[in-house]
Amino acid sequence: MTKHLLSAGDLSREQAIEILDIAEGMSNVNDREIKKLPTLRGKTVVNLFFEDSTRTRISFEVAEKRLSADVINFSAKGSSVSKGESLKDTAQTLEAIGADAVVIRHSASGAANVLAHSNWIQGSIINAGDGTHEHPTQALLDAFTMRKRIHGAQSPGKALDGVKVAIVGDILHSRVARSNQLLLSTLGAEVHFVAPPTLLPQNASGFKAALHYNLDEMLATEKPDVVMMLRLQAERMNASYFPTEREYARIWGFNAGRLGALKDSAIVMHPGPMNRGLEIDAVTADSPRSTVLEQVTNGVSIRMAVLYSLLSGERSADV
Ligand code: NCD
């Protein structure tokens, strides 16, 4: 591993499989009565959240505590950021406190890269979502969830070769889709983006994904192993991207009818938070084929694995 985790594209196939394998070991710790390892004792990890989050923030905090790190939670609301303090001054304050790692979520694409390439902070930077750009630990936990469902106990050492993944909905605003296409293709999966043209980036040629504009046709022709539904990110929309929510749900939402059209072994994923009744209906969200809560559980193991790989000091800086 390198010093930071900024992009899912920074991971080689071997590194990605190694993180998934370490997470497998960590999930055993999470099943124990005493869920704690001494690995990061004496290390300070700061969770620097400039954007709202439930799952990612809680999951990082639990992962850090299970590895015995000292944890500082910082959210922009209620801090000096709301008094106008800059990212640089905030970062330098954290450096003065002695942070060994900073987990950052920010509404600006590139914020994590700015911190990593500045000399404001010497510790490791972990990108927990930067604008519409990337969310690498989400992609890792998604890959981990797919691998566990597909390979079960035989998962360790395995990749996702030949697995067909359809990522559906608001691709334009989704850092989850961006990180997933990078990581999943590194792991050998075949990625399909399915969205109305207004919710695909204008220049999608750089994506490692096939493009589709009709969900039912795509499901019928490609028969995906995994369908990942994306949240419509209303907070990032400054224009009208579809006529009405009712029409979006009808054409693009996952529902009982579409669930029935999938092959028996296929799973439906969603990173959360879900807009129930919009991109996913309750029957799908609560069905045994939905992995929504497994993704949350697996997120803790993945974040433990990432923190361990970056901070445990057992590896050299660039292994
Ligand atoms: C995602 C995010 O924040 O990018 N959620 C998450 O991390 N669990 C997706 C989303 O907000 O729709």
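Since we're looking at a predicted model, the values are computed, not measured. In listed order, ligands and their atoms are each counted from 1.
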Enquirer: Between E64 and R303, does any side-chain N to carboxylate O distance fall below 4.0 Å?
Expert: no
Enquirer: If hydrophobic residues (ILVMFWY) are linked whenever their side-chain heavy atoms come closer than 4.5 Å, directly or via other members, who joins L293 in its cluster?
Expert: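 Besides L293, the hydrophobic cluster comprises nothing; the residue is isolated.
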Enquirer: With heavy-atom distances below 4.0 Å as the criterion, list the atoms of ligand 1 near V176.
Expert: 1 (C), 4 (O), 9 (C)
Enquirer: Which of the numbered atoms in ligand 1 are under 4.0 angstrom from any heavy atom belonging to P273?
Expert: 11 (O)
Enquirer: Should side-chain heavy atoms under 4.5 Å link Ile, Leu, Val, Met, Phe, Trp and Tyr, which residues sit in the same cluster as M237?
Expert: V168, L172, V194, L199, L215, M218, L219, V227, M229, L232, Y241, F242, Y248, I251, W252, F254, L259, L262, V268, M274, L278, I280, V292
Enquirer: Is it the case that the side chains of S107 and E51 hold a donor-acceptor pair, with the cut-off being a distance below 3.5 Å and no angle test?
Expert: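 Result is no, nothing qualifies.
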Enquirer: Have a look at H106 and tell me which of F49, F74, F50 forms a ring pair (Phe, Tyr, Trp, His ring centres under 6.0 Å) with it.
Expert: F50
Enquirer: What's the separation between atom CG in D142 and atom CD1 in I167, rounded to the nearest 0.5 Å?
Expert: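 D142 atom CG to I167 atom CD1 measures 8.0 Å (nearest 0.5 Å).
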Enquirer: Looking only at distances, can you tell me whether any N or O atom of P271, backbone or side chain, sits closer than 3.5 Å to an N or O atom of ligand 1?
Expert: yes
Enquirer: Are there over 12 heavy-atom neighbours, none belonging to R13, within less than 6.0 Å of that residue's CZ?
Expert: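 For R13, atom CZ is crowded (more than 12 foreign heavy atoms under 6.0 Å).
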Enquirer: How about CD on Q122, more than 12 heavy atoms from neighbouring residues, nucleotides or ligands closer than 6.0 Å, or not?
Expert: yes
Enquirer: Would you say G299 contacts ligand 1, with heavy atoms under 4.0 Å as the rule?
Expert: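 Flag not set, G299 not near ligand 1.
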Enquirer: Using a 4.0 Å cutoff against the non-hydrogen atoms of R105, which atoms of ligand 1 qualify?
Expert: 2 (C), 3 (O), 7 (O)
Enquirer: Given H135, R175, H173, identify the one with the heavy atom nearest to atom 3 (O) of ligand 1.
Expert: R175
Enquirer: With a cut-off of 4.0 Å, which atoms of ligand 1 are near a heavy atom of T56?
Expert: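 Those atoms are 6 (C), 7 (O), 8 (N).
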Enquirer: Run down the list R231, E51, R178, E235 and name the one with the heavy atom closest to atom 12 (O) of ligand 1.
Expert: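 Answer by nearest heavy atom: R231.
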Enquirer: Near Q138, which atoms of ligand 1 are under 4.0 Å from a heavy atom of that residue?
Expert: 6 (C), 7 (O), 8 (N)
Enquirer: Counting non-hydrogen protein atoms only, what is the nearest one to atom 5 (N) of ligand 1? Give residue, atom name and distance.
Expert: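 So the nearest neighbour among protein heavy atoms is G272 O, 2.9 Å.
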Enquirer: Under a 4.0 Å heavy-atom limit, does S174 contact ligand 1 with its side chain, its backbone, both, or neither?
Expert: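 For S174, there is no contact with ligand 1 at all, from either part.
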